[in-house]
Amino acid sequence: GKPSSPSSPLGGALDLLLRPRPRPPRGSASAAPAATAAAGAPRALSSRAREAVDLLLRCPPPIRIEFEQVSALLEVFDGNENDENDGNAAATPSAALEELFSAARQSRDSSSQNSSSSPLLLPHSRLCTFSPKAFLPVTRLCSDECGYCSFASHSGPPPNRRAFMSLEEVLETAAVAASVGATEALFTLGDRPEVRWPEAKAELRTLSELHGQEFASTPAYVSFLCSQILKSNSSPGILLPHSNAGLTTPEETRLLRTTTVSQGLMLETTATGERLKMAHNPQASPSKNPNLRLAWLAEAGRARVPTTSGLLVGIGETRRERLETLLALRDIHCGGERSSGGAGGESENFSAGGGGGHLQEIIVQPFQPKKGTRMGDLDRPPPSASELLWTVAVARLVMGPAVGVQSPPNLSPVLPWLSARKKKSSFSSPSSLASPSSSFARDERDAIASWRVLLRAGADDFGGVRVELELEFRGREEEEEGKR
């Protein structure tokens, strides 16, 4: 493509991003060519797991994959079959897990050869991205009450406080963020607070009168704020709006498409039932119904909305259900829908829906108990590091090379796992690691080690890394390169 003009950094980049690309013919996995195994890769996976990995490597989206074709991936553990439920597991090294990581990297790093697998996404190959952003919590009110959420105010707006950020507050925050290098305006909010809270509904009416246009819903107000960010884009920098506005209607989704560069909705899980009630009680959190969220993601594809989605790890789901969730996201990206509730994702639960090719990134986010929430008092550890890394690797294999896989390093409990592996594997890590009892990186050297292991598992995005931390990291790397 023609390089972007320096005077128009947005236009040329978006022209490239949205240019339609030839897509491989739709078909079944059995019609794909044979795989080419990574040269020199260790052979520790079972024959069934190796067949599943080879199938995913040679069959990127939009080729459909059935659950039973890849179910052997559930058998790949890190030397301790209790890893899935043991957040403190310091597992012994597993050559099978190493081989799974190697395959995930092979998939990720082949993106420049497979860029036609998605019509919306640029090939990224060995680039790792992050997003320096202005965090804009438009409202902390929500119609849902999820058991793990510490963002929303479940008791309503505090006395003498507004329900929504004002336009002035949004523009001021955005200007400060742009001045220190932010490039994204991230609009976060609760799902349709006006449905549950009369204060939010009344304030939307007041805002409509103030700005001379009707805000019939919270997403309509968010779209207005995004449009004002775009209008203000000059000096000191350009901010690109991204909205996480919940279950918007098709009309609202298309409205936001005119004022944002992308939209986000976490699928979280396709699992339902008693184990998930603490997180997603159907009465308290109606918008977390997985079929509603799958329908929204499919509609976003039909509207050609660049979309971020993902799953949560450790909210009560099983490893099998995580694989089912990833396959449901793959189906959405292929232009179809797989409803939840099926045993293993049978074909009769899949329907072609048009669209597709729109999932630009999948987030693999581990659950961390937070005080003050229903799940914060549970005597249940967060997911183990090896379980998180298994999910990152499988997400990469399932989604293929053209979809980004994000795993935020600040939420990843990888240091105990690194400590256990330090002298038993080829993982790159600093000479000093935190105590195995620690769940988070405590200093920068340990943080960098955790970043590297996520990359090794197949991730290629770190989410909202702070601007100043990234600049310091880049400067140190340049200094070390000079010494070498």
Side-chain angles (χ1 to χ4, degrees), residues 29 35 38 41 44-46 48-61 63-79 81 83-85 91 94-111 266-271 309-315 317-334 338 344-345 359 361-367 383-407 412 414 417 453-461:
L45 292 173
S46 68
R48 290 182 66 245
R50 184 69 245 179
E51 288 174 3
V53 166
D54 287 344
L55 179 71
L56 290 167
L57 285 174
R58 71 175 184 260
C59 299
I63 298 172
R64 285 205 56 228
I65 296 290
E66 297 292 343
F67 178 87
E68 293 305 326
Q69 292 176 288
V70 294
S71 62
L73 295 176
L74 302 176
E75 305 164 4
V76 183
F77 286 96
D78 191 21
E81 294 198 358
D83 279 356
E84 181 173 357
N85 301 311
S94 162
L97 197 62
E98 295 266 17
E99 187 175 350
L100 188 71
F101 292 170
S102 176
R105 295 195 303 275
Q106 181 184 349
S107 174
R108 178 195 63 201
D109 298 344
S110 69
S111 63
M266 291 287 282
L267 175 55
E268 299 191 5
T269 182
T270 55
S309 190
L311 68 161
L312 297 179
V313 181
I315 59 172
E317 84 295 341
T318 64
R319 178 182 270 201
R320 177 190 180 96
E321 289 163 343
R322 245 175 282 140
L323 180 56
E324 291 173 340
T325 299
L326 288 167
L327 287 172
L329 288 167
R330 179 184 171 115
D331 286 343
I332 293 291
H333 193 57
C334 292
R338 188 194 301 264
L359 293 184
E361 182 171 65
I362 296 300
I363 302 173
V364 179
Q365 181 170 326
F367 163 70
S384 69
S386 57
E387 193 64 20
L388 171 66
L389 294 168
W390 176 90
T391 308
V392 169
V394 172
R396 165 59 62 205
L397 290 167
V398 168
M399 298 309 300
V403 177
V405 174
Q406 179 194 132
S407 190
S412 301
V414 300
W417 188 80
V453 75
L454 290 168
L455 294 177
R456 192 173 179 90
D460 62 357
D461 184 83

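Annotation: side chain of Arg396 is in contact with side chain of Asp460 (closest heavy-atom distance under 4.5 Å). Inter-residue side-chain proximity for Asp461 and Ile363 is flagged as unmet; no heavy-atom pair is nearer than 4.5 Å. Within the 4.5 Å cutoff, no side-chain heavy atoms of Val398 are placed close to those of Leu329. Considering only heavy atoms from C-beta on, Leu56 comes within 4.5 Å of Arg330 through its side chain. The side-chain heavy atoms of Leu311 and Thr270, taken from C-beta on, include no pair separated by under 4.5 Å. Using a 4.5 Å heavy-atom threshold, the side chains of Val364 and Trp390 count as separate. Using a 4.5 Å cut-off on side-chain heavy atoms (C-beta onward), Arg322 and Thr269 make no contact. Residues Leu55 and Glu51 are not in side-chain contact: their nearest non-hydrogen atoms beyond the backbone lie 4.5 Å or more apart.
Judged by distance alone, the side chain of Arg108 and the main-chain N or O of Ala459 form a donor-acceptor pair under 3.5 Å. With Ser94 contributing its side chain and Phe77 its backbone, the two residues share a donor-acceptor pair below 3.5 Å. In this structure, the side chain of Glu99 engages the main chain of Leu45 through a donor-acceptor pair within 3.5 Å.
Among residues two or more places apart in sequence or in another chain, the side-chain hydrogen bond (donor to acceptor under 3.5 Å, both in side chains) test is passed with Glu321 by Arg275, Thr318. For Ser407, there are no side-chain hydrogen bond (donor to acceptor under 3.5 Å, both in side chains) partners two or more places apart in sequence or in a different chain.
Put simply, CZ on Phe67 and CG on Leu73 are 9.0 Å apart, with the number rounded to the nearest 0.5 Å. The NE2 atom of His333 lies 8.5 Å from the CD1 atom of Ile362; values are rounded to the nearest 0.5 Å. To the nearest 0.5 Å, the span separating OG on Ser107 from CE on Met399 amounts to 10.5 Å. Note that the CZ atom of Arg456 and the CG atom of Leu389 stand 11.0 Å from one another [nearest 0.5 Å]. Distance check: Gln106 CD to Leu397 CG gives 9.0 Å after rounding to the nearest 0.5 Å. The distance from the CZ atom of Arg319 to the CD atom of Glu387 is 4.0 Å, given to the nearest 0.5 Å.
Across all non-hydrogen atoms, the minimal contact from Ala44 to Ala96 is CB-N, 3.4 Å. Nearest heavy atom pair, residue Gly314 against residue Phe367, reads O-CD2, 3.3 Å. The two residues Ala72 and Ala49 make their nearest non-hydrogen contact at CB-N, 3.5 Å. Summarising the geometry of Leu57 relative to Ala103, their closest heavy-atom pair is CD2-O, 3.5 Å, with the distance given to 0.1 Å. Nearest heavy atoms, Cys59 versus Ile65: CB-CD1, 4.2 Å. Looking at every heavy atom in both residues, Arg64 comes nearest to Asp331 through NE-OD1, 3.7 Å.
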Could you please spell out the steps behind the side-chain contact (heavy atoms from CB on, under 4.5 Å) verdict for Ile332 and Leu267?
-> CA-CA 11 Å; Ile332 293 291; Leu267 175 55; over 6 Å; no
Hey, mind stepping through Ser71 and Arg48 against side-chain contact (heavy atoms from CB on, under 4.5 Å) and telling me if it holds?
-> CA-CA 9 Å; Ser71 62; Arg48 290 182 66 245; 3.6 Å; yes
